[in-house]
A.B. asks: 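Structure in C-alpha cells, see below.
When reading the values below, keep in mind they use all heavy atoms of this one structure, side chains included, and skip hydrogens, waters and symmetry mates. The structure displayed is predicted, hence computed values, not measured ones.
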Amino acid sequence: DHHDSGTYTLNIMNSIGEDTATISLQVAAVPDPPEVPPTIGEVTGDSVQLTWAEPVYDGGSAVNGYVIERRAVSCNRWIRVMTVRTTTCTVYGLRSSNQYVFRVSAMNEFGLGRSCMETEVITTRSTFRQNYDDEVNLEAPCVPRSS
C-alpha cells in the first residue's frame with residue numbers, strides 16, 4: 001500500500017551493543033482510478049466526447065496513459081475501445097439511438113489501475129430523420145413543372 005511509504009528507523013540491540021539505521025521506503029504501485037466519473041461532452045449519432053481528471057495518486061510513477069472502456073446498457077460486458085495519453089478523448093464507432101456507459105483506468109510503468117466509477121447513461125443521437133417537414137420551407141411558392 002502506498003501509505004506505507006516513508007522513513008523507518010531500525011534499532012538493533014544485543015549483548016555486544018546496539019545500532020540504529022534509517023531506511024527510506026517508497027512503495028510503487030499502479031495508479032489509483034480517477035476520483036470522479038468522466039464528464040460527458042458532445043454526443044452525436046456515432047460518438048461521444050469524454051473528459052476526466054488525473055488520479056490523485058500516480059502509484060509512484062508518472063501516469064503514461066488511460067484505457068477507455070464502454071458498455072452498452074443492454075449488455076454486461078465491458079469493451080476496451082482505446083488507449084490515450086491525455087485526459088480527454090472522443091470515442092467513435094457507436095451505434096445511433098443506443099445507450100452506453102463509459103469508464104477510465106490510468107496506467108503507469110507498473111501496470112493498469114482500477115477503473116473509475118462509470119459515467120451516467122448516455123444515449124447517442126438518432127441519425128434517422130423523422131420530421132422531414134421541419135426541414136422544408138413551407139412558405140416557398142410551389143412552381144408547377146413545365147412539360
A.B. asks: Tell me which pairs pass ring-ring contact (aromatic ring centres under 6.0 Å, His included) where either residue lies in residues 63-91, with sequence neighbours left out.
C.D. replies: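 Qualifying pairs, neighbours excluded: Trp52-Tyr66.
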A.B. asks: What's the shortest heavy-atom distance between Phe110 and Ala29, and which atoms?
C.D. replies: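 That would be CD1-O, 3.4 Å.
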A.B. asks: Given 3.5 Å as the limit, does a donor-acceptor pair link the side chain of Thr124 with the main chain of Val43, or not?
C.D. replies: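 The answer is no, because no donor-acceptor pair under 3.5 Å joins these two groups.
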A.B. asks: Residues in ring-ring contact (aromatic ring centres under 6.0 Å, His included) with Phe102, at least two apart?
C.D. replies: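 For Phe102, no residue satisfies ring-ring contact (aromatic ring centres under 6.0 Å, His included) once neighbours in sequence are set aside.
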A.B. asks: Partners of Gln99 by side-chain contact (heavy atoms from CB on, under 4.5 Å), sequence neighbours excluded?
C.D. replies: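 Gln99 satisfies side-chain contact (heavy atoms from CB on, under 4.5 Å) with Val73, Val121, Thr123 only.
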A.B. asks: Can you list, by chain and residue number, the hydrophobic cluster partners of Tyr92 when the side-chain cut-off is 4.5 Å?
C.D. replies: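 None; Tyr92 is a cluster of one.
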A.B. asks: Any chain of hydrophobic side-chain contacts (each under 4.5 Å) joining Val63 to Val84?
C.D. replies: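 Shared cluster, yes.
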A.B. asks: What is the distance from atom CD1 of Ile40 to atom OG1 of Thr51, rounded to the nearest 0.5 Å?
C.D. replies: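 One finds 9.0 Å between CD1 of Ile40 and OG1 of Thr51.
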A.B. asks: Any salt bridge (charged side-chain N to carboxylate O under 4.0 Å, His left out) involving residues 100-109? Give me the pairs, sequence neighbours left out, ordered by first then second residue.
C.D. replies: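 Passing the test, one end in residues 100-109: Glu69-Arg103.
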A.B. asks: With salt bridge (charged side-chain N to carboxylate O under 4.0 Å, His left out) as the rule and sequence neighbours excluded, what pairs involving residues 72-87 come up?
C.D. replies: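 Listed once each, the pairs would be none.
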A.B. asks: Please list all pairs meeting salt bridge (charged side-chain N to carboxylate O under 4.0 Å, His left out) that have one or both residues in residues 36-56, counting only residues at least two apart or in different chains.
C.D. replies: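 Those involving residues 36-56 do not exist here.
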A.B. asks: Check step by step if side chain to side chain contact (heavy atoms under 4.5 Å, CB included) holds for Val56 and Glu35.
C.D. replies: CA-CA 7 Å; Val56 173; Glu35 287 195 337; 3.3 Å; yes
A.B. asks: Let me check something: do Val81 and Leu50 share a hydrophobic cluster, defined by ILVMFWY side-chain heavy atoms less than 4.5 Å apart, either directly or through other members?
C.D. replies: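 Yes, Val81 connects to Leu50 through the hydrophobic network.
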A.B. asks: Assess whether side chain to side chain contact (heavy atoms under 4.5 Å, CB included) is satisfied between Val91 and Ser47, documenting all intermediate values.
C.D. replies: CA-CA 5 Å; Val91 177; Ser47 69; over 6 Å; no
A.B. asks: Under the side-chain contact (heavy atoms from CB on, under 4.5 Å) test, which residues partner Ala53, sequence neighbours left out?
C.D. replies: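 Scan of Ala53 (side-chain contact (heavy atoms from CB on, under 4.5 Å), adjacent residues dropped) gives none.
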A.B. asks: Going through the distances and angles, do Ser105 and Ser115 end up as a side chain to side chain donor-acceptor pair (under 3.5 Å)?
C.D. replies: CA-CA 4 Å; Ser105 304; Ser115 300; 2.8 Å; yes
A.B. asks: List the steps and the verdict of side chain to side chain contact (heavy atoms under 4.5 Å, CB included) for Thr90 and Gln49.
C.D. replies: CA-CA 4 Å; Thr90 301; Gln49 184 182 41; 3.9 Å; yes
A.B. asks: Quick one: list whatever passes side-chain contact (heavy atoms from CB on, under 4.5 Å) with Arg95, sequence neighbours left out.
C.D. replies: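 Asn98, Tyr100.
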A.B. asks: Through direct or indirect side-chain contacts below 4.5 angstrom among Ile, Leu, Val, Met, Phe, Trp and Tyr, which residues connect to Val67?
C.D. replies: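 Met107, Leu112, all in the cluster of Val67.
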A.B. asks: Atom CD1 of Ile23 and atom OG1 of Thr7: how far apart are they, to the nearest 0.5 Å?
C.D. replies: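 The OG1 atom of Thr7 is 10.0 Å from CD1 of Ile23, to the nearest 0.5 Å.
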A.B. asks: Just how far is it from atom OG1 of Thr119 to atom CZ of Arg71, taken to the nearest 0.5 Å?
C.D. replies: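 So the gap between those two atoms works out to 9.0 Å.
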A.B. asks: Check the pair Ile68, Thr83 against side chain to side chain contact (heavy atoms under 4.5 Å, CB included), reporting the backbone distance first and the verdict last.
C.D. replies: CA-CA 6 Å; Ile68 292 76; Thr83 301; over 6 Å; no
A.B. asks: Just jot down the side-chain hydrogen bond (donor to acceptor under 3.5 Å, both in side chains) partners of Thr87, sequence neighbours excluded, or say none.
C.D. replies: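 Listed in chain order: nothing, the list is empty.
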A.B. asks: Within this structure, what is the CG-CG distance for the pair Asn108 and Asp58, rounded to the nearest 0.5 Å?
C.D. replies: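 With rounding to 0.5 Å, CG (Asn108) is 7.0 Å from CG (Asp58).
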A.B. asks: First locate atom OG1 of Thr39, then atom CD of Glu120, and finally report the distance between them rounded to the nearest 0.5 Å.
C.D. replies: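 Between Thr39 OG1 and Glu120 CD, I get 9.0 Å after rounding to 0.5 Å.
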A.B. asks: What is the minimum heavy-atom distance between Pro33 and Pro55, and which atoms define it?
C.D. replies: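 Closest heavy-atom pair between Pro33 and Pro55: O-CB, 3.9 Å.
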A.B. asks: Using the side-chain hydrogen bond (donor to acceptor under 3.5 Å, both in side chains) rule, collect all pairs that involve residues 13-23, keeping only residues at least two apart or in two chains.
C.D. replies: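 Every side-chain hydrogen bond (donor to acceptor under 3.5 Å, both in side chains) pair that includes a residue of residues 13-23, provided the two are not neighbours, is Asn11-Thr20.
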